[in-house]
Amino acid sequence: MFCSTADNMTETTPSLRPRPRLRFAPSPTGSLHVGGARTALFNWLYARHYDGDMLLRVEDTDKARSTEESTRAIFEGLLWLGLSWNEEVVYQGANLERHQRDALAMLETGAAYRCFCTPEELEQRRSEAQAARESFKYDRRCDRLPAEEVARRVAGGDPYVIRFRIPEGSTEWDDMVHETISFPNKDLDDFVILRSNGTPIYNLAVVSDDIAMGITVVMRGDDHISNTPKQILLYRALGAEPPTFAHLPMIHGMDGKKLSKRHGATAVGDYQHQGLLPGAMLNFLALLGWSPGGDREVMTMDEMITLFTPDGLQRKAAIFDPKKLEWMNGQHLSRVPLAELEPRVTPAMMEAGYVDEAIVDSRGEWYMSLLDLLRVRARTIDDIVRQAGPYFPGTIEYDAEAVANNWKERSSAADILEAAKEALAGDSAWDAGTLEAILRGLAESLGISAGKIFQPLRVALTGLTVSPGIFEVLVAQGRELALRRLSDAIGWLRRNP
RNA sequence: GGCGCUAUCGUCUAGGGGACUAGGACGGGGCCCUCUCAAGGCCCAAACACGGGUUCGAAUCCCGUUAGCGCUACCA
């Protein structure tokens, strides 16, 4: 199901380099968001392009907010998009023991220390600092506690957290997206790594897991930039080599603000249900923050894999434009091989009651050509379904505007349709060329322009002002159904003079 | 407030000192094609945030200003 990139390797031959290992690490506190999907996509593209692995880690250490439904939704979203992962899914919550071990190890090496300050005390000092318009930073008072007092309080059962002691100096790294980013360590706070209840804080859990999973490239949103120096310090304290970091820009809504429910559909599932093609979604998302250079826009997954390199990555936040997504989907809709499109459309067609398995099997060729006919005018799968009614036996509605514009003179419209019906009723061949000759001939003999026949006919056949070319409609409907639609229309016109 | 990141048409972007009268795409406007609508083709409007440098030459390099965003928890 998922393509291999073995044939697509281009530059710089990673054969000497170890395979890169990346991970997508969502926290299961909601559905898969388009921002998360894009992060997953870039991780995936990188892994595929450089012949590496992308693992999936569910960051469920926040018990209060994590849900199983959310975990499921994230899997579903990823699967729908076709973003597969290697190896078993890692659940962060299952690694509690290692997280604790790592925290204790740092305590032993002196990289971290116990802190007995309570959340209330901290909160108090924080608000005092705020009132005095000073920035709050933990003052390390517990780091200065005499060893005997620490031992006594621990023995006495006083609750404590473990804090990381930020060393002197500065911390910097070469970001794949940005250039060198550096932070003076004095701006970093002695952050908590293990809560008083023994559970790890985010930065520790991430680093501990990334080390354990052998992650070599960390690609994530640039909202993590300020976590990075802390994490690098943690890697060093744990005696591990930090990975390469790549910080991707955020996605904003049309108002330039962070994407939220106010901006309409932001969950990947929303787009799935709106009849988007996963390939189009991915293509659109990829272009939000990455460019292959030049004018390249519409791409297949395989093309994206070969074209993807980190130097095409953007530094600036991008705005999510649903209009362009729609256009992109239209492009994919008409370019995707029919065989690939059919399974994505058929479930919706079944739901609408137009087809069942029997029809898809017995009239497969006809069905495929119908999809081919309808996709031209569609931007979503739902558009295809919406247009499909007239080609199936059920009755059709006559659109009020179509009637008003094209059946203005009821009785003459009926006459024209009558004539057309007669002309089509014979046993002549039923193909576009023949039908065109017949209808144009009829127009000539009636002394009217062809359009004067085509438009009323279109309404009779489809009930609409808009449809594929009229001969294609006739062919798709077949003689029997087309003739029936004509009789129905004539009857309707005679009944509503 | 502190720290950090960012800055080309309304939006996504190309651009890595001269090839720039700044290119493409979405969206908008117009025309063509035409049985309608799409698709397609052609054309138009539309941008280098500002100020200083560096240089013979700056959208491109440096500094500052401004603006936007992010982080600043015993959240992730």
Side-chain angles (χ1 to χ4, degrees), chain A residues 25-29 59-62 64-66 92 115 117-119 122-123 126 129-130 133-137 159-163 175 177-178 181-184 186-189 191-197 199-203 205-206 221-229 247 249-250 252 254 256-258 284 287-298 311-312 314-321 323-328 330-331 334 375-379 383 387 402 405-406 436 439-440 443 449-455 457-459 462 464-471 473:
Chain A
S27 44
T29 54
E59 307 215 319
D60 54 355
T61 49
D62 184 349
R65 293 195 297 155
S66 300
Q92 192 159 60
C115 171
C117 299
T118 66
L122 258 9
E123 191 40 56
R126 226 187 303 274
Q130 175 127 34
R133 288 194 170 179
E134 284 161 13
S135 61
F136 175 80
K137 216 177 126 190
Y160 62 87
V161 300
I162 297 181
R163 275 185 194 274
D175 199 273
V177 178
H178 302 82
I181 300 181
S182 112
F183 285 79
K186 66 174 173 53
D187 292 332
L188 270 25
D189 209 355
F191 58 101
V192 174
I193 53 178
L194 203 70
R195 295 186 184 90
S196 51
N197 68 5
T199 59
I201 282 300
Y202 174 73
N203 282 311
V206 166
D222 67 13
D223 50 340
H224 286 286
I225 285 180
S226 43
N227 282 322
T228 307
H247 287 97
M250 308 268 82
H252 291 161
M254 282 303 269
K257 296 272 160 49
K258 202 172 154 187
F284 173 76
L287 258 20
L288 241 43
W290 172 72
S291 164
D295 297 337
R296 220 40 202 294
E297 293 224 282
V298 182
D311 39 72
Q314 200 68 22
R315 287 181 289 269
K316 188 184 61 167
I319 289 175
F320 189 94
D321 180 2
K323 279 281 193 0
K324 186 149 186 178
L325 206 209
E326 225 180 69
W327 167 80
M328 182 65 80
Q331 292 294 314
S334 36
R375 67 168 164 172
V376 179
R377 259 151 288 258
R379 284 197 155 191
D383 284 343
Q387 299 178 65
N405 292 341
N406 301 306
E436 176 159 13
L439 290 172
R440 287 198 190 278
S449 68
K452 287 273 187 287
I453 295 184
F454 297 164
Q455 274 307 96
L457 188 54
R458 188 184 320 279
V459 180
T462 67
L464 306 167
T465 48
V466 172
S467 84
I470 199 71
F471 315 115
V473 172

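A, B, ... follow the sequence lines: proteins, then strands. Residue 1 opens every chain.
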Asks: Which nucleotide, if any, forms a Watson-Crick or G-U wobble pair with G4(B), using both distances under 3.5 Å?
Replies: C69(B)

Asks: What interatomic distance, in whole Å, is found between P of U11(B) and the corresponding atom of G68(B)?
Replies: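 Between the two P atoms, the distance is 15 Å.
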
Asks: Could you go through the side chain to side chain contact (heavy atoms under 4.5 Å, CB included) check for Met328(A) and Val298(A) one step at a time?
Replies: CA-CA 7 Å; Met328(A) 182 65 80; Val298(A) 182; 4.2 Å; yes

Asks: With rounding to whole Å, what would you report as the distance between A59(B) and A22(B) at their P atoms?
Replies: 10 Å

Asks: For nucleotides C63(B) and U55(B), find the distance between their C1' atoms and express it as a whole number of Å.
Replies: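 C63(B) and U55(B) have their C1' atoms separated by 16 Å.
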
Asks: Give one of base, sugar-phosphate or nothing for Arg65(A), where a contact means two heavy atoms less than 4.0 Å apart.
Replies: base

Asks: Quick check on RNA chain B: between Asp311(A) and Ile225(A), whose nearest nucleotide comes earlier from the 5' end?
Replies: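 Closest to the 5' end, via its nearest nucleotide, is Ile225(A).
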
Asks: Can a salt bridge be assigned to the pair Lys323(A) and Glu326(A) using a cut-off of 4.0 Å between side-chain N and carboxylate O?
Replies: no

Asks: Checking all strands, does Gln387(A) fall into the base, sugar-phosphate, or nothing category for heavy-atom contacts under 4.0 angstrom?
Replies: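 No contact.
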
Asks: Would you mind classifying the nucleic acid contact of Gly289(A) as base, sugar-phosphate or nothing, using non-hydrogen atoms under 4.0 angstrom?
Replies: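 If one applies the 4.0 Å heavy-atom cut-off, Gly289(A) turns out to touch the sugar-phosphate alone, with no base involved.
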
Asks: Mind checking the C1' distance from G24(B) to G15(B)? Whole angstroms is fine.
Replies: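 Result for the C1' pair: 12 Å, nearest Å.
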
Asks: With sugar-phosphate meaning primed atoms plus P, OP1 and OP2, does Ser226(A) contact a base, only sugar-phosphate, or nothing at under 4.0 Å between heavy atoms?
Replies: sugar-phosphate

Asks: Just to be sure I understand the rule, does Val161(A) reach a base, reach only the sugar-phosphate, or reach nothing, if contact means heavy atoms closer than 4.0 Å?
Replies: base

Asks: Counting any heavy atom closer than 4.0 Å, what does Thr61(A) reach on the DNA or RNA strands: base, sugar-phosphate only, or nothing?
Replies: sugar-phosphate

Asks: Using the heavy-atom set of chain A and a strict 4.0 Å cut-off, write down the first and last nucleotide of RNA chain B that makes it in, 5' to 3'.
Replies: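 Nucleotide range in contact with chain A: G1(B) to A76(B).
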
Asks: Using a heavy-atom cut-off of 4.0 Å across all strands, would you classify Ser467(A) as base, sugar-phosphate, or nothing?
Replies: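 Base, at least one base atom sits under 4.0 Å.
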
Asks: Going by purine N1 to pyrimidine N3 plus the second Watson-Crick contact, or the G-U wobble pair, all under 3.5 Å, which nucleotide sits opposite G10(B)?
Replies: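 With both distances under 3.5 Å, G10(B) matches C26(B).
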
Asks: Considering only the C1' atoms, how many Å lie between U36(B) and G16(B), rounded to the nearest integer?
Replies: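 Between the two C1' atoms, the distance is 49 Å.
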
Asks: Students often get this wrong, so: under 4.0 angstrom with heavy atoms, is Glu123(A) touching a base, only sugar-phosphate, or nothing?
Replies: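 Answer is nothing: Glu123(A) stays at 4.0 Å or more from every strand.
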
Asks: Expressed as a whole number of Å, how far does the P atom of A47(B) sit from that of G4(B)?
Replies: 34 Å

Asks: Hey, are Glu297(A) and Lys324(A) close enough for a salt bridge, meaning a charged N less than 4.0 Å from a carboxylate O?
Replies: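 Salt bridge: yes.
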
Asks: Using heavy atoms to find the nearest nucleotide of RNA chain B for Ile319(A) and Phe183(A) separately, return the residue whose nucleotide is more 5′.
Replies: Phe183(A)

Asks: Take atom P in U66(B) and the same atom in G28(B), then report the distance between them in whole Å.
Replies: 38 Å

Asks: For Arg458(A), which contact category applies under a 4.0 Å heavy-atom criterion: base, sugar-phosphate, or nothing?
Replies: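 Result for Arg458(A) = base.
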
Asks: Which nucleotide, in any strand shown, forms a Watson-Crick or G-U wobble pair with C35(B), with both distances under 3.5 Å?
Replies: none

Asks: Give Glu297(A) one of three labels, base, sugar-phosphate or nothing, depending on what nucleic acid heavy atoms sit under 4.0 Å from its own.
Replies: base

Asks: Can the ring centroids of Phe471(A) and Phe454(A) be said to lie less than 6.0 angstrom from one another?
Replies: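 Ring-ring flag for Phe471(A)/Phe454(A): true, centres closer than 6.0 Å.
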
Asks: Looking for any heavy atom pair under 4.0 Å, which part of the strands does Ser196(A) touch: base, sugar-phosphate only, or nothing?
Replies: base

Asks: Would you say that more than 12 heavy atoms from the other residues, nucleotides or ligands in this model lie under 6.0 Å from the NZ of Lys137(A), or not?
Replies: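 For Lys137(A), atom NZ is crowded (more than 12 foreign heavy atoms under 6.0 Å).
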
Asks: Going by atom types alone, do Thr462(A) and Arg458(A) pair a side-chain donor with an acceptor below 3.5 Å?
Replies: no

Asks: From Ser334(A) OG over to Arg375(A) CZ, what is the distance, rounded to the nearest 0.5 angstrom?
Replies: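 Spacing of OG (Ser334(A)) from CZ (Arg375(A)) equals 6.5 Å.
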
Asks: Check every strand shown and say whether Leu287(A) touches a base, only sugar-phosphate, or nothing at a heavy-atom separation below 4.0 Å.
Replies: sugar-phosphate

Asks: For atom CD of Gln130(A), decide whether the heavy atoms of other residues, nucleotides or ligands shown that lie under 6.0 angstrom number more than 12.
Replies: no

Asks: If we call it a pair only when both distances are under 3.5 Å in a Watson-Crick or G-U wobble match, what pairs with G18(B)?
Replies: C56(B)

Asks: For nucleotides G30(B) and A67(B), find the distance between their P atoms and express it as a whole number of Å.
Replies: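 39 Å, rounded to whole Å.
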
Asks: Assign Pro184(A) to base, sugar-phosphate, or nothing according to its heavy-atom contacts below 4.0 angstrom with the strands shown.
Replies: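 No contact.
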
Asks: What's Ala318(A) touching, base or sugar-phosphate or nothing? Going by heavy atoms closer than 4.0 Å.
Replies: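 Here Ala318(A) touches the backbone only, sparing every base.
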
Asks: Mind checking side chain to side chain donor-acceptor pair (under 3.5 Å) for Asp62(A) and listing every partner two or more places apart, or none if nothing turns up?
Replies: Arg65(A)

